[in-house]
Novice: 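Quick one: the structure is below, and I'll ask about it shortly.
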Amino acid sequence: MPPSQRRMGADACPGALDVHRAADGGLARVRVPGGGLTSAQVRTLAGASRELGDGTLELTSRANLQVRGLAEGAEVELGARLAEAGLLPSLTHEKVRNIMSSPLGPPGLAAELDHELCGRADLAALPGRFLFAFDDGRGDVAWLGADLAALPVDDSVAILLGGADHGVRVQPDQVIETMLAAAAAFLELRDEQWRVAELPAERIASLFDRTSERVTGEPPVVGPIGPVEFADGSAGFGLGAPLGRLTADQAARLGDLVLTPWRGFVVAGGDPGIEGLIGDPDSPWLGVTACTGRPGCAKSLADVRADARPLGRPAHWSGCDRRCGKPAGVMDVVATGRGYAVDGRLGL
């Protein structure tokens, strides 16, 4: 294992209660397994952001939400509100409930895994970066780098390990137990590693029966935008949040929704007509994302949110070489203190 891939010390990944103290206050990350939120839960989050934070909700590349600008101790009140809204079912497992799903697919497997995961005391020790994903067969979340992903292939389900197919195949009714077993195996094998991709893949793959076939795919760089159809045939509308930020006022006007890993969401029915959101699939801002940057992050070398602009294809603007929140497969724009480097070349 190259030294650059090893991480030492305690897990610093933020949670809803164990907040990260940033330059602009506390940062709380609210896990939303499967991405689904009811209108009441959205209003709870909007109110918490307005009354306890900076008035915005950050959408993440794992289909979670973040509240920023929390005063010291405000996470206590935030936790109480989240628990009452059903968004904090387990204090011991709240940081490991990282479960993505195809946003237009059925939500059942994510909810089932979340329930079983929270019932396993040993799996509370998973790193906060460990990620599960359920793809409904269209290939939209399978290749986003999850530690464990389930992808239907013919009559079976491929269990992808660290973002790659190693030939592990199970029947549909074995998916949940296999993923839990693989997560437990990772804890036994991890040593100092935080992600499955940091292990020799064969170490986990060897624990399961494998086939000789393999499948591959490419991660989408933008999510559903505009009119869409859910797996049950009902109509929906995909929207993006500019630079991944949704104001509390915008959120309060939304109904039930499903968050997507592309810093957007899908609502039932048609366009809700909320000003400032991205609903045009030809918008130049689609796929343009950014980290917090200055002044919210003390490590940032630039105010990337102010500097970010469309560059002709999806791009992530980072304030430093940590590249926080960078999605897979997009242009890499990084502040250097001497301007921005684009895909490693200084000159922007």
Side-chain angles (χ1 to χ4, degrees), residues 14 19-30 45-46 48-71 221-223 225 239-253 259-265 274-348:
V19 303
H20 167 68
R21 304 311 305 184
D24 59 347
L27 163 64
R29 183 172 299 158
V30 183
L45 288 161
S49 173
R50 184 186 297 113
E51 296 157 20
L52 304 175
D54 67 359
T56 62
L57 295 170
E58 290 187 333
L59 282 65
T60 79
S61 60
R62 292 181 163 204
N64 292 319
L65 287 170
Q66 295 183 159
V67 180
R68 298 191 69 96
L70 294 168
V221 294
V222 296
I225 297 291
L239 292 158
L243 299 182
R245 290 170 68 88
L246 185 66
T247 70
D249 290 342
Q250 288 171 330
R253 296 177 57 191
L259 299 170
T260 79
W262 303 277
R263 291 181 170 86
F265 51 93
I274 298 174
E275 186 177 356
L277 300 179
I278 303 171
D280 179 0
D282 294 322
S283 169
W285 283 97
L286 193 62
V288 181
T289 61
C291 72
T292 297
R294 288 179 177 173
C297 177
K299 295 183 181 296
S300 180
L301 300 175
D303 184 351
V304 292
R305 291 191 187 278
D307 294 341
R309 60 187 184 275
L311 295 175
R313 62 185 176 93
H316 183 72
W317 293 67
S318 303
C320 71
D321 59 10
R322 293 186 305 164
R323 296 170 171 82
C324 292
K326 180 183 180 297
V330 303
M331 185 187 298
D332 189 29
V333 184
V334 182
T336 67
R338 296 180 294 122
Y340 286 93
V342 179
D343 288 341
R345 300 181 61 182
L346 190 63
L348 183 63

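Worth saying up front: this structure is predicted, and the values here are computed from it rather than measured.
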Novice: Can you name the nearest heavy-atom pair linking Pro310 to Pro284, along with the distance?
Specialist: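 Nearest heavy atoms, Pro310 then Pro284: CB-O, 3.3 Å.
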
Novice: Please round to the nearest 0.5 Å and tell me the distance separating atom CD of Gln66 and atom CG of Leu45.
Specialist: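 Interatomic distance, Gln66 CD to Leu45 CG, rounded to 0.5 Å: 12.0 Å.
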
Novice: Mind checking salt bridge (Lys or Arg N to Asp or Glu O under 4.0 Å) for Arg245 and listing every partner two or more places apart, or none if nothing turns up?
Specialist: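 Once residues adjacent in sequence are excluded, the partners of Arg245 under the salt bridge (Lys or Arg N to Asp or Glu O under 4.0 Å) criterion are Asp54, Glu58.
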
Novice: When rounded to the nearest 0.5 angstrom, what is the spacing between CZ in Arg253 and OG1 in Thr247?
Specialist: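 With rounding to 0.5 Å, CZ (Arg253) is 9.0 Å from OG1 (Thr247).
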
Novice: Could you report the tightest heavy-atom contact between Gly276 and Pro242, atom names first, then the distance?
Specialist: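 Looks like O-CG, 3.1 Å.
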
Novice: Going by side-chain hydrogen bond (donor to acceptor under 3.5 Å, both in side chains), name the residues that satisfy it together with Thr289, two or more places apart in sequence or in a different chain.
Specialist: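 Testing Thr289 for side-chain hydrogen bond (donor to acceptor under 3.5 Å, both in side chains), a comparison that skips the adjacent residues, returns His316.
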
Novice: Applying side chain to side chain contact (heavy atoms under 4.5 Å, CB included), name anything that partners Ala28, two or more places apart in sequence or on another chain.
Specialist: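 Counting only residues at least two positions away or on another chain, Ala28 forms a side chain to side chain contact (heavy atoms under 4.5 Å, CB included) with Val19, Leu70, Leu78.
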
Novice: Less than 4.5 Å apart, side chain to side chain, heavy atoms only: is that true for Ser318 and Val304?
Specialist: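 No. Closest side-chain heavy atoms not under 4.5 Å.
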
Novice: Give the table of side-chain donor-acceptor pairs shorter than 3.5 Å for residues 294-301, with sequence neighbours excluded, one pair per line with atom names and distance.
Specialist:
unit_1: Arg294; atom_1: NE; unit_2: Ser300; atom_2: O; d: 3.1
unit_1: Ser300; atom_1: OG; unit_2: Arg294; atom_2: N; d: 3.3
unit_1: Ser300; atom_1: OG; unit_2: Ala302; atom_2: N; d: 3.3
unit_1: Ser300; atom_1: OG; unit_2: Ala302; atom_2: O; d: 2.7

Novice: Please name all residues satisfying side-chain hydrogen bond (donor to acceptor under 3.5 Å, both in side chains) with Asp307, sequence neighbours left out, ordered by chain then number.
Specialist: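 Asp307 satisfies side-chain hydrogen bond (donor to acceptor under 3.5 Å, both in side chains) with Tyr340 only.
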
Novice: For Arg62, give me all partners under side-chain hydrogen bond (donor to acceptor under 3.5 Å, both in side chains), at least two apart in sequence or on another chain.
Specialist: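 So Arg62 forms no side-chain hydrogen bond (donor to acceptor under 3.5 Å, both in side chains) with any residue.
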
Novice: For Ala71 versus Arg21, what's the shortest heavy-atom pair and its separation?
Specialist: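 So the two residues come closest at C-NH2, 3.9 Å.
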
Novice: Please name the pair of heavy atoms, one in Gly287 and one in Val222, separated by the smallest distance, quoted to 0.1 Å.
Specialist: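 It is CA-CG1, 4.0 Å.
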
Novice: Who are the salt bridge (Lys or Arg N to Asp or Glu O under 4.0 Å) partners of Arg313, not counting sequence neighbours?
Specialist: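 Once residues adjacent in sequence are excluded, the partners of Arg313 under the salt bridge (Lys or Arg N to Asp or Glu O under 4.0 Å) criterion are Asp343.
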
Novice: How about Thr60 and Arg29: does a side-chain donor come under 3.5 Å of a side-chain acceptor?
Specialist: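 On atom types as modelled, these side chains do not qualify, holding no pair under 3.5 Å.
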
Novice: CG of Leu239 to CG of Leu286: how many Å apart, nearest 0.5 Å?
Specialist: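 Separation between the atoms: 11.0 Å.
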
Novice: Could you pull out the closest heavy-atom pair between Ala251 and Leu246, with the gap in Å?
Specialist: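 Scanning both residues completely, I find the closest heavy atoms to be CB-CD2, 3.8 Å.
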
Novice: Which pairs of donor and acceptor atoms, one on a side chain in residues 329-337, lie under 3.5 Å apart (sequence neighbours left out)?
Specialist:
unit_1: Asp332; atom_1: OD1; unit_2: Arg323; atom_2: NE; d: 3.2
unit_1: Asp332; atom_1: OD2; unit_2: Arg323; atom_2: NE; d: 2.7
unit_1: Asp332; atom_1: OD2; unit_2: Arg323; atom_2: NH2; d: 3.1
unit_1: Thr336; atom_1: OG1; unit_2: Arg338; atom_2: N; d: 3.1
unit_1: Thr336; atom_1: OG1; unit_2: Gly339; atom_2: O; d: 2.9

Novice: Applying salt bridge (Lys or Arg N to Asp or Glu O under 4.0 Å), can you list everything that pairs with Asp249, at least two apart in sequence or on another chain?
Specialist: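 Salt bridge (Lys or Arg N to Asp or Glu O under 4.0 Å) list for Asp249, sorted by chain: Arg50.
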
Novice: So which atom in Ala46 and which in Ala252 form the shortest heavy-atom distance, rounded to 0.1 Å?
Specialist: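 Answer, listing the atom of Ala46 first, then Ala252: CB-N, 4.0 Å.
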
Novice: Hey, mind stepping through Leu311 and Val288 against side chain to side chain contact (heavy atoms under 4.5 Å, CB included) and telling me if it holds?
Specialist: CA-CA 8 Å; Leu311 295 175; Val288 181; over 6 Å; no

Novice: Taking side chain to side chain contact (heavy atoms under 4.5 Å, CB included) as the test, write out the residues that go with Leu259, two or more places apart.
Specialist: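 Counting only residues at least two positions away or on another chain, Leu259 forms a side chain to side chain contact (heavy atoms under 4.5 Å, CB included) with Val32, Leu37, Leu59, Ala63, Leu65, Leu257, Phe265.
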
Novice: Determine whether a donor-acceptor pair (N or O, by modelled atom type, separation under 3.5 Å) exists between the side chain of Arg305 and the backbone of Leu243.
Specialist: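 Between the backbone of Leu243 and the side chain of Arg305 there is a qualifying donor-acceptor contact (under 3.5 Å).
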
